[in-house]
J.: 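What follows is a single structure, and I will ask about it in a moment.
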Amino acid sequence: MVTINMSILIIALPDIFRGIRINPLEPGNTGLLLWLILGYLVVTAVLVVTFGRLGDMIGRVRMYNAGFAVFTVFSVLLSVTWMQGTAGALWLIGMRVLQGVGGAMLMANSSAILTDVFPVQQRGLALGLNQVAGIAGSFIGLILGGLLAPVQWHLVFLVSVPVGLFGTCWAYWKLRDTGTTEHSQPDWWGNLTFAVGLVAVLVAITYGIQPYDGHVMGWTNPRVLATMAAGLLVLAVFCVVETRVAEPMFRLSLFRIRAFTAGNIANLLSGIGRGGLMFVLVIWLQGIWLPQHGYGFESTPLWAGIYMLPMTIGFLVAGPVSGWLSDRWGARPFATGGMLVAAASFVLLALLPANFHYPAFACILLLNGIGMGLFASPNRAAIMNSLPPQRRGVGAGMTTTFQNSAMVLSIGVFFSLMISGLAQTLPQTLSSGLISQGVPTADATRVAGLPPVAVLFAALLGYNPIQSLLGPSALQQLPADHAAYLTGRSFFPALISPPFSQGLTIAFGFAVAACLVAAIASWLRGGKYVYAEPPEPVPPRPVPPARQEEAAVPGPAPIELQPPDPPRAASE
């Protein structure tokens, strides 16, 4: 439920913005669009460590149950949105952030609860199923958003309510804490510095991909640079704080465990390689491939989710199987092999033409899903197996923080690479293409001068890009056949394919590098490792007083007679 809500808005955004009567492509509304997508991810990334630590202190099941209730309440409040315009958008963003609080409670404690309950020889399979449910949800959300939003956009949020109500009741009825709790004082300074620092970094990434003062991106914006620098400085202060407090929130000492450190490095890098992939593939399908194959722009969001199903199938198959096998053979061969398979799939995606043959595309998506499934389950099981029982909540929260932060970081990196690739050739391509169809030079220059992110967002939202960017007044001045051609299904995809392919090559090259480094980190984790409590020292047996007196009197050593060995059975 939590991960479905991470992706369900990607497909439903056009209907949501139409419902609240906002044009997200207007310059002043770009921030609303980004925060509606990323606000949920940011808050889950920031709070999972805190809630994991609280789970260690007061009980993981208690925090998990509260997460279900919080998530459900704010799902209801999202589904009853009545405001429109900027006020409606701000309400949705605020409720999404608070919904993310419940999601963070759930994500921080689910892995720890399963690790408490299942024995070592079954944790890989159990955590594999948990990982499959989580990551598969991010793909299922694409299809649900495409099915529900055209019917009624409020259903996109209402769909979580019955699941949340059932989950809340079922969790309170059935779940019991079996793990170790540790009563201690909360680390207030650690919580504060971590939250402020991470939020500042993620906010800087969010605004860094927006245009600024004539530049295609905001990485030259002094506010973005200052926010990024301040966030990194506060995170450095956080690291110092955590070495000084008695009960730290973020257990830096856990990084002395080789399997924990290597697993989290690999998890972070795989998340960076995978996180932005969904957005890139959706834009590729909606903006280029689907229109060229007869689909109207308004129907492309749903079909983009459907055509990406092979990736979900690959993950659903490989995740539980690799988790089960890692219980016996350890995580290293499967997690490392999974990252190598994922890297190979990114190479194959980079070699595809923009107007590809779908069977080849589907096979590559299946291969990517298999690679990610091979990696995710064993890697999570290896991380959780390496943790002391009283640190499983905070350890799971730390891992989820890396995973969710990697998602936001990946979106920033992928969009930055795509925009930098598009900015080199897109303006000239757009200008010459529009002028050749009779568009006045002033209008063609205006559209060509728009930042590439506007073109990407138009494709992502399933809008008719030329109709949205050029505007009805400019189109009305053209001959009917020229206007129909410009807004048809062939002009924009053919126009954007060459510069888009260049951006794709750069983005996929980055993903290959991230997956290869993740494979190296995964291999360096070592063999199978399970944390074991050190044995308690055995106290010496008390000697009776009579024996003590005998020991004090010198004399010959006592002779102990050994009984004869019993006769052996014939079978022995």
Side-chain angles (χ1 to χ4, degrees), residues 6 31 34-35 37-57 93-94 96-98 100-101 103-105 107-108 184-210 217-256 260-261 264-265 267-269 271-272 275-276 391 393-413 415-416 514:
M6 287 182 176
L34 282 173
W35 275 111
I37 296 174
L38 298 179
Y40 182 90
L41 295 174
V42 169
V43 74
T44 53
V46 169
L47 292 178
V48 283
V49 176
T50 299
F51 291 146
R53 177 67 181 139
L54 286 174
D56 289 339
M57 292 167 55
I93 292 170
R96 283 277 290 175
V97 166
L98 294 172
V101 173
M105 292 180 178
M107 297 181 75
S184 59
Q185 293 297 319
D187 175 17
W188 298 114
W189 282 110
N191 280 276
L192 179 63
T193 52
F194 179 74
V196 171
L198 187 56
V199 166
V201 170
L202 298 180
V203 166
I205 292 171
T206 302
Y207 284 99
I209 63 177
Q210 298 187 51
M217 287 183 288
W219 295 115
T220 57
N221 187 339
R223 291 185 179 180
V224 170
L225 297 176
T227 304
M228 176 67 75
L232 294 174
L233 178 62
V234 174
L235 287 177
V237 172
F238 162 75
C239 292
V240 175
V241 168
E242 295 303 272
T243 62
R244 304 292 178 87
V245 296
E247 297 294 336
M249 174 194 77
F250 208 95
R251 292 277 175 171
L252 298 178
S253 60
L254 293 178
F255 289 108
R256 297 173 185 167
F260 180 80
T261 302
N264 276 297
I265 292 173
N267 183 53
L268 176 69
L269 290 167
I272 291 174
R391 300 284 181 259
V394 68
M398 291 163 70
T399 300
T400 306
T401 290
F402 288 130
Q403 183 173 308
N404 290 0
S405 299
M407 176 75 75
V408 180
L409 178 60
S410 177
I411 292 171
V413 170
F415 267 92
S416 296

J.: With a 4.5 Å limit on heavy-atom distance, are the side chains of V49 and R53 in contact?
T.: no

J.: Between Y207 and T227, is there a side-chain heavy-atom distance shorter than 4.5 Å?
T.: no

J.: Provide the closest heavy-atom pair for A200 versus G231 in the form atom of the first, atom of the second, distance.
T.: CB-CA, 3.6 Å

J.: What heavy-atom pair brings A108 and G52 nearest, and what distance separates the two atoms?
T.: CB-N, 3.6 Å

J.: Kindly compute the distance separating OG1 (T399) from CG (L268), expressed to the nearest 0.5 Å.
T.: 11.0 Å

J.: What's the shortest heavy-atom distance between A104 and F51, and which atoms?
T.: CB-CD1, 3.7 Å

J.: Can you tell me how far the CD1 atom of I205 sits from the CG atom of L202, to the nearest 0.5 Å?
T.: 5.5 Å

J.: Using only atom types and a distance under 3.5 Å, with no angle test, would you say the side chain of N264 pairs donor to acceptor with the backbone of F402?
T.: no

J.: Do the side chains of W35 and V42 get nearer than 4.5 Å, heavy atoms only?
T.: yes

J.: Please give me the minimum heavy-atom distance between N221 and R223, naming the atom from each residue.
T.: OD1-N, 2.9 Å

J.: Nearest 0.5 Å please: distance from the OG1 atom of T50 over to the CE atom of M105.
T.: 10.5 Å

J.: Below 4.5 Å, heavy atoms only, C-beta onward: do F260 and M398 meet side chain to side chain?
T.: yes

J.: Which value, rounded to the nearest 0.5 Å, describes the distance between L54 atom CG and N191 atom CG?
T.: 7.0 Å

J.: Considering non-hydrogen atoms only, spot the tightest contact between M6 and T44 and give its length.
T.: CE-OG1, 4.2 Å

J.: What distance do T193 atom OG1 and W188 atom CH2 have between them, rounded to the nearest 0.5 Å?
T.: 13.0 Å

J.: Go through the steps for V48 and Q403 under the test side-chain contact (heavy atoms from CB on, under 4.5 Å), then give the verdict.
T.: CA-CA 11 Å; V48 283; Q403 183 173 308; over 6 Å; no

J.: Of L38, V199, V97, which meets side chain to side chain contact (heavy atoms under 4.5 Å, CB included) against V43?
T.: V97

J.: Any side-chain heavy atom of S405 within less than 4.5 Å of one from L409?
T.: no

J.: Any non-hydrogen side-chain atom of R256 less than 4.5 Å from a side-chain atom of T261?
T.: no

